[in-house]
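Take a look at the structure set out below.
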Amino acid sequence: MRVLVLPGDGIGPEVTAQAQRVLERCGELFGFALEFETATVGGAAIDEQGNPLPGAALKAAKRSDAVLLGAVGGPKWDDPRASVRPEQALLGLRKELGLFANIRPVRPYPELLDAAPLKPELLQGVDLVVVRELTGGIYFGQPSERRLGRNGREALDTMIYNEHEIARLMRTAFRLARQRRRRLTSVDKANVLSSSRLWREVAHEIRQEFPDVAYEDVLVDAMAMHLLRRPRDFDVIATENLFGDILTDEASVLAGSMGLLPSASLGEEKNRMGLPRGLYEPIHGSAPDIAGQDKANPLAAILSAAMLLRHSLGQENAAHAIESAVAGVLAQGLRTSDIARPGCAVVGCEAMGSAVVRALEAMRPEA
Ligand code: IPM
Ligand code: MG
């Protein structure tokens, strides 16, 4: 089984190094062989080759069984007028690999409830998954350009969806709801946007195929509020690309930190195991302010590795073991600075990775 690691920029290399260690140890403990390959993408690839997504990296992704990505971007490449940007690596990978469904689970750890900015009683029992459309909408719609208009500089982006894109995303979300609490919330802005009205229309058609799933439509502005006021009420949340981007950063507050949230991006293409060849990445960014200081929280990357084992490599036991190991180290009181309460002892990125590896070893399955 071949895993491509794309460390990227900022804290990306630090957190993927810990996730790779955990994967390697899992392979030994659970008896499967992983072959790792690494490629440069993002700002690092702009510096090296003038291209955020070099052909070699894309090729390596296409021949891998799964891809683990750290993060891309940073102030060095932030010039708003630059035509090459690190983020193009991520968008290019998503599009080229056909990864239309981005799965972002949010389940606060009981041990961290008191570290979250929201009231613990509000967070108790929260267990939701956002299924974000990832290869359409305003992220990719054409035209997207800057030009000179009658009133000077103007710029536009296009939010466009076709029924095929909506239907496949909704089906993915409904199927996931079936494996969970059978509730689906579709989020749109149908009171204003045409693309959202089509979204809702198609969602209602697909809903007929899943009569056993309770369904509701919620407008995105209201959803932004409900997520903080009654997050427990939601099970699976399906939404378009930009709304999903925004709502998942918001939802990370429920978990206490972006440093804890993994994601899986899946499409229709299968790998050599006959499973989806996914891209797995933390939802957090490259955090340039703490890069290279061993301060980052590697748990989102490590939990992304668990999702990789589950969805792309069919190693459910190992995936579950990683998730238990993470819960274990948090229960032991280990905290990186993003989840530490004031005055509390903190560990670095590498020490956190080591603790997860030790926790895994301690629950070594019987051979
Ligand atoms: C995310 C990120 C990306 C996105 C950026 C880095 C392009 O915010 O994965 O949520 O907007 O999709
Ligand atoms: Mg985002």
Side-chain angles (χ1 to χ4, degrees), residues 6-13 15-16 19 41-46 51-53 57-58 61 67-80 82-106 128-141 144 157-159 161 165 169 187 220 223-224 227 237-255 257-267 278-289 291 296-297 300-301 303-304 307-308 338:
L6 302 172
D9 307 314
I11 61 170
V15 298
T16 50
V41 294
I46 295 178
N51 178 357
L53 182 56
L58 188 58
V67 182
L68 179 70
L69 186 137
V72 293
K76 182 174 173 194
W77 309 281
D78 258 357
D79 177 357
S83 61
V84 277
R85 284 171 289 107
E87 290 76 10
Q88 289 161 346
L90 204 45
L91 302 185
L93 278 165
R94 291 170 178 172
K95 194 73 170 177
E96 290 288 332
L97 301 178
L99 306 171
F100 65 85
N102 181 222
I103 317 282
R104 297 186 165 187
V106 180
L128 59 88
V129 182
V130 178
V131 181
R132 168 189 174 192
E133 202 291 325
L134 205 59
T135 49
I138 201 164
Y139 272 61
F140 294 96
S144 166
D157 297 290
T158 303
M159 190 184 268
Y161 272 107
E165 292 170 313
L169 190 277
V187 176
V220 63
M223 190 65 198
L227 260 185
I237 298 167
T239 192
E240 68 88 42
N241 205 342
L242 180 63
F243 298 161
D245 178 45
I246 297 169
L247 291 177
T248 50
D249 267 29
E250 186 190 0
S252 77
V253 179
L254 304 170
S257 167
M258 300 248 280
L260 291 168
L261 292 195
S263 85
S265 302
L266 307 172
L279 170 75
Y280 300 83
E281 52 174 325
I283 84 152
H284 64 67
S286 59
D289 53 321
N297 185 347
L303 292 166
S304 299
M307 291 187 89
L308 180 156
D338 58 317

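Every number for a ligand or one of its atoms is a count from 1 in the order of the listing. Quantities reported herein were computed from a predicted structural model and do not represent experimental measurements.
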Checklist entry - Going through the distances and angles, do Leu247 and Val130 end up as a side chain to side chain contact (heavy atoms under 4.5 Å, CB included)? => result CA-CA 8 Å; Leu247 291 177; Val130 178; 5.6 Å; no

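With a 4.0 Å cut-off on non-hydrogen atoms, Arg132 touches ligand 1 through its side chain and not its backbone.
No other N/O/S atom of Asp245 lies as close to the Mg ion (ligand 2) as OD1 does.
Looking from atom 10 (O) of ligand 1 to the surrounding protein, the closest heavy atom is Asp245 OD1, 2.9 Å. For atom 1 (C) of ligand 1, the closest non-hydrogen atom of the protein is Arg104 NH2, 3.4 Å.
You'll find the side chain of Glu240 reaches within 4.5 Å of the side chain of Leu242, heavy atoms only. Two residues are said to be in side-chain contact when any heavy atoms from C-beta on lie closer than 4.5 Å; Phe100 and Glu133 meet this criterion.
Less than 4.0 angstrom separates some heavy atom of Tyr139 from each of these atoms of ligand 1: 4 (C), 11 (O), 12 (O).
In this structure, Asp9 contributes its side chain and Gly42 its backbone to no donor-acceptor pair below 3.5 Å. Not a single donor-acceptor pair under 3.5 Å links the side chain of Ser286 to the backbone N or O of Ala71.
For the ligand labelled ligand 1, residue His284 lies outside the 4.0 Å heavy-atom shell.
Checking Leu134, Leu97, Leu69 one by one against Ser265, the side-chain contact (heavy atoms from CB on, under 4.5 Å) holds for a single residue, Leu134.
Asp249 lies apart from the Mg ion (ligand 2) in this respect, since none of its N, O or S atoms is found at a distance under 2.8 Å.
Of the candidates Arg94, Arg85, Glu87, the one placing a heavy atom closest to atom 3 (C) of ligand 1 is Arg94.
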